[in-house]
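When a ligand or atom number is given, it counts from 1 through the structure's own listing order. Fair warning: this is a prediction, and the values are worked out from it, not measured in the lab. What you see below is based on every heavy atom in this structure, not just the backbone, and it leaves out hydrogens, waters and symmetry mates. Counting begins at 1 with the first residue of the sequence.
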Amino acid sequence: MGVQRIESVIYTVDDLATNVRFFDDFGLTLESADDVTAVFRTRIGQSLVLHAGDRADLPPAVERGPTAREIVWGVDTVDELVRLSARIGASRSEDGVFRTVDRTGFGVGLTIAGISDFSPGPPRPANTSGAVTRVNQALSSVGRVRPIRMCHVALNIPKAGQEEAVAFYVDGLEFIPTDVVKPMGTFMRVEGDADQHNFLLCHRPDKAGINHVSYEVAGFDDVIEGGNHMIEKGWPEARKLGRHTVGSNVFRFVHAPCGGRVELAADMDRIDDTYGTRVHETTPPHHIWTLRSSRETS
Ligand SMILES: [Fe+2]
């Protein structure tokens, strides 16, 4: 098979305590923290690693300030791990992760994919005429939002060399280009996942850096309530609630102190091999809708 999922995202940050507070508010589970490193987990066991200050054991940062330094991808078998590592020239580190850098300078790691026993439970009952699933039962808050998984990473890359930057992942790691938006970037998915994209290389900003990491939550309510919780905790929203055109997911973005933004996402398109690669000569509209209001306060 090949690459199954995002396994880890590693950042270097200026203020570790602020970042720990941010991701705790965001709903990830803190696994460990000391003065220099904090590790959070998603509900399917992916890790978010935050290091304070620079790290000699990571590739040089591609941008100033706090940023993502390495993305580690999970592979299904040892044979595939060795095969794909050879394709990208990654060599084995002491911790068993095979590492190299991509064409932009981002660290790339390969490891065996974690196995999750996460079960989403039954969907939230919903009512519409002709499709009633909730009777004599009122809804309440979804409660504390706990992101299920990191579902995609979006990296900014320079326009120059963009084809080579994409080829590293398509030819080397056998990512599948799903939507190629010529003026903007290339959406890709990994072999083992059906999301419309797990990865985006975006050349529109024409500079290298972290764009965002997206976290899947259970549904529409979770996107809204999770975003509201972050705002209540004082974290600045980066984009209004909306639904993307490419991928169809409902989104809400929050500026992240680790660099870039984090996205709360729900209801992304799932696709199979018949989807093919869709090439867009012009950029589709960013969203189907975003929240509009004539009231600044409720
Ligand atoms: Fe996204």
By residue and atom, what protein N/O/S atoms are less than 2.8 Å from the Fe ion (ligand 1)?
His152 NE2, His212 NE2, Glu263 OE1

Which of Arg189, Arg270, Arg5 passes salt bridge (charged side-chain N to carboxylate O under 4.0 Å, His left out) with Asp195? Answer is Arg270

Give the intermediate values and the outcome of side-chain hydrogen bond (donor to acceptor under 3.5 Å, both in side chains) for residues His280 and Asp179.
CA-CA 7 Å; His280 308 261; Asp179 283 81; 2.6 Å; yes

To check you understand the geometry: which heavy-atom pair defines the closest contact between [X] and [Y], and what is its length?
X: Arg252; Y: Ile231; value: NH2-CD1, 3.4 Å
X: Ala266; Y: Phe220; value: CB-N, 4.3 Å
X: Asn249; Y: Ala265; value: ND2-CB, 3.7 Å

Is a donor from one side chain sitting under 3.5 angstrom from an acceptor on the other, for Thr42 and Arg149?
no

